[in-house]
Undergrad: 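Below you will find the structure I want to go over with you.
Residue numbering restarts at 1 for every chain, and letters A, B, ... go by the order of the sequence lines. Keep in mind that what you see is a predicted model, and the values were worked out from it rather than measured.
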2 protein chains.
Amino acid sequence: MASAAGVSISTASKALNDTGRMGAETRERVKRIAGEIGYRPNALARGLLSKRSFTIGLLTNDTYGRFTLPVMAGISDALVDHGVSVFLCAIEDDPALAQTHVDAMLDKQVDGIIATGKRLDKRLPVDLSNLHVPVVYAFTEGTQNSVTFRSDDEQGAKLAVEWLAMIGRRRIAHITGPEDFFSVRERAGAYHQVAGHREPVLYGVWSESWGHEAVEQLWSRPGEKPDGLFCGNDQIARGAVDALRERGVKVPQDVSVIGFDNWEIVAAQTRPPLTTVDMELKELGRQAGLTVLALAEGRPVEPGVRKLPCRLIVRQSCGGRAPGE
Amino acid sequence: MASAAGVSISTASKALNDTGRMGAETRERVKRIAGEIGYRPNALARGLLSKRSFTIGLLTNDTYGRFTLPVMAGISDALVDHGVSVFLCAIEDDPALAQTHVDAMLDKQVDGIIATGKRLDKRLPVDLSNLHVPVVYAFTEGTQNSVTFRSDDEQGAKLAVEWLAMIGRRRIAHITGPEDFFSVRERAGAYHQVAGHREPVLYGVWSESWGHEAVEQLWSRPGEKPDGLFCGNDQIARGAVDALRERGVKVPQDVSVIGFDNWEIVAAQTRPPLTTVDMELKELGRQAGLTVLALAEGRPVEPGVRKLPCRLIVRQSCGGRAPGE
DNA sequence: CTGAAAGCGCTTACAG
DNA sequence: CTGAAAGCGCTTACAG
């Protein structure tokens, strides 16, 4: 490259990086020739000097990708303009595999690591607390003094239940996942706050068939039936909607149903399509990305848990109308 | 590191790499001390010499991850033992974004690139044909003289239709996606080969509602109804199963239904769970990974398209029994 | 205004 | 059997 432009290698370097002092024509000429011959500096050599690899690692145990992909999209989106590329490491729940991946990334001098998972209340099977690179947690439990990003499940659940109340539903039941999930308890707490304690919460598993079964339980009880269902995720909501249809109960005319997750494949294919709560995982990824970057550059970042607000996605399973409509 | 062991830096290097000649005790001592202080060589410095970064890039335009994640899992699985980490770049269908990612990876001296997508008959929006690093294509269209891995859709479709025939189905209809998809035409061709040309193929879109609608069409025609449905993907199959249930047609007693993709979230949650064709994407990823690695190491690899066999996953939507049962 | 030199952390011939 | 030197491709003081 330098030889092509007829200058020394150091002059070429300075020209391209807009550093040092030299004649404007020289700088222009070097840049022009670099462009012509498609010169691109070797990031490895650059990294050796600068101690920055412009590389970060994303560690996840969410094999299925339900949570990881949107988070990854946000990270990538935020960092691509800064020239940083991201290593994706799917580690299942295998501590040895996790360690292998972490070691490989550290060898490659990653500027930081983002740990992400599928539960707010579980740790990844690897200890990241004493690394010499910054670590940020997203949608998984962090450590003391770490920066952790998570969705605000309480606020999201309130959004859902308040929406049901707002469109006139008075007997709102809550069908959700296993009680040992932190987010289940948080959503149930918010449900109780808004809807009161008249109706019990139905805890179960994260499947369509549980949504189905819960509706059977609710509708085979004596007394008044619910006119609104707040479901812990979209799969449960879909099972519930299907069960209601099979019983001849009309959604949304007779009962409004609302889900959680906004998992398109489920929410959009339900008949009718589900109104649901979106956890804004892409935004969460974006912020996590910008935060590791800040830490990598030595900028100060306040440790602690950051809760990001959820957003209500209005489709047809509740009736009512979209805000502002 | 070297100083800790009281040897020169070159001796340390040779000890750890099992190269050069030295006393066995010296070698052992260096290794032991390296282990104790947790020494790990800087891969950037190493890469600068060796011209190998032990890094590859995965380029995909499958935002949703339906195809990319299993492929990625296979790649990672195959390469982690070789110490290679993988950059994931989701490029949507944006040529500028794609180029940015490719440039960033080339700067980082990736040893190779795997391009993957969501259709066998579409190119990624970026030209990878004249890179100075090896490129392998997986589940996307490659270029002249490239190595491309894809599923054998014809064989997969035969597997499905032969299974329906084997369990006694005689009037098998085929409900599938848009005819302009190469894989749709290939699967339809295989269907005709096995089932004959008595029944038309119903082309549509890749959605549950199309599966629904197609069943309405078939069952509102005069004459005999099908006793077997081969669906172009699991979503269509699920829609069909739901429509049949709503009509009071029993699956699998009256009609056997078979899907394609083995997308767990759809196939396993259908009532009854879907028998379907798995494209073995993880295996495809594994082979693609080993192939870029071979190319990166300069080992010879025959160019061309490699078709990988699909596998039948037997659940309950067809009746009959699993092979060997 | 420009270039020679040192150095990032390693590996690999080459001397001793 | 071990170490000093050169060099991978850059950047950054430092001379000229």
Side-chain angles (χ1 to χ4, degrees), chain A residues 1-35 37-55 83-84 103-111 132-133 296-298, chain B residues 1-35 37-55 83-84 103-111 132-133 296-298:
Chain A
M1 155 65 213
S3 60
V7 294
S8 77
I9 173 174
S10 40
T11 302
S13 172
K14 279 175 289 193
L16 296 177
N17 291 305
D18 279 323
T19 56
R21 21 182 55 252
M22 73 186 61
E25 337 75 90
T26 313
R27 199 182 290 277
E28 282 318 312
R29 182 165 45 87
V30 173
K31 283 187 175 179
R32 183 172 47 73
I33 294 186
I37 65 174
Y39 169 80
R40 314 213 100 231
N42 180 325
L44 263 39
R46 201 177 255 215
L48 204 51
L49 271 296
S50 66
K51 307 292 175 203
R52 286 285 313 278
S53 65
F54 290 91
T55 275
V84 352
D103 288 345
M105 295 197 298
L106 293 177
D107 289 355
K108 282 155 194 150
Q109 312 296 116
V110 288
D111 296 331
H132 57 279
V133 299
E297 291 171 351
Chain B
M1 156 62 213
S3 60
V7 293
S8 77
I9 174 177
S10 41
T11 303
S13 171
K14 280 174 289 193
L16 296 177
N17 292 305
D18 279 325
T19 56
R21 21 183 55 253
M22 74 187 62
E25 339 75 268
T26 312
R27 199 182 288 277
E28 282 316 313
R29 183 165 45 86
V30 173
K31 283 186 175 179
R32 183 172 48 73
I33 295 186
I37 65 175
Y39 169 81
R40 312 214 102 230
N42 181 324
L44 264 40
R46 202 177 253 214
L48 204 50
L49 272 295
S50 66
K51 307 293 175 200
R52 285 285 313 276
S53 65
F54 290 91
T55 276
V84 353
D103 288 346
M105 294 197 299
L106 293 176
D107 289 355
K108 282 155 193 148
Q109 313 295 118
V110 288
D111 295 332
H132 57 279
V133 299
E297 290 171 353

Undergrad: Categorize B:Thr26 for me: base, sugar-phosphate, or nothing, with a 4.0 angstrom heavy-atom threshold over every strand shown.
TA: sugar-phosphate
Undergrad: Mind checking what makes side chain to side chain donor-acceptor pair (under 3.5 Å) contact with B:Asn42, not counting sequence neighbours?
TA: none
Undergrad: Please classify the nucleic acid contact of A:Lys51 as base, sugar-phosphate, or nothing, using heavy-atom distances under 4.0 Å.
TA: sugar-phosphate
Undergrad: Rounding to the closest angstrom, what is the interatomic distance between C:dG9 and D:dT2 at atom P?
TA: 25 Å
Undergrad: Under 4.0 Å from any heavy atom of chain A: name the first and the last nucleotide of DNA chain D that qualifies, 5' to 3'.
TA: D:dG9 to D:dA13
Undergrad: Both A:Ser13 and B:Lys14 contact DNA chain D. Which one's nearest nucleotide lies toward the 5' end?
TA: B:Lys14
Undergrad: Expressed in whole Å, how much space separates the P atoms belonging to D:dA4 and C:dG7?
TA: 16 Å
Undergrad: If the condition is side chain to side chain donor-acceptor pair (under 3.5 Å), which residues does A:Thr55 pass it with, not counting sequence neighbours?
TA: none
Undergrad: Looking at every heavy atom in both B:Lys31 and B:Asp18, which two are closest together, and how far apart are they?
TA: NZ-OD1, 3.0 Å
Undergrad: With sequence neighbours left out, what residues match B:Arg29 under salt bridge (Lys or Arg N to Asp or Glu O under 4.0 Å)?
TA: none
Undergrad: According to salt bridge (Lys or Arg N to Asp or Glu O under 4.0 Å), who are the partners of B:Glu28, at least two apart in sequence or on a separate chain?
TA: none
Undergrad: Assuming nearest nucleotide by heavy-atom distance, tell me which of A:Thr19 and B:Gly23 is located more 5' along DNA chain D.
TA: B:Gly23
Undergrad: With sequence neighbours left out, write down each residue that passes side chain to side chain donor-acceptor pair (under 3.5 Å) with B:Arg46, or none if nothing qualifies.
TA: B:Asn17
Undergrad: If a stem is a run of at least 3 consecutive Watson-Crick or G-U pairs, both distances under 3.5 Å, which stems include DNA chain C?
TA: C:1-3 with D:14-16, C:5-12 with D:5-12, C:14-16 with D:1-3
Undergrad: State which residues pass side chain to side chain donor-acceptor pair (under 3.5 Å) with A:Thr26; sequence neighbours excluded, sorted by chain then number.
TA: none
Undergrad: Please check if any side-chain donor atom of B:Ser8 sits under 3.5 Å from a side-chain acceptor atom of B:Thr11, or the reverse.
TA: yes
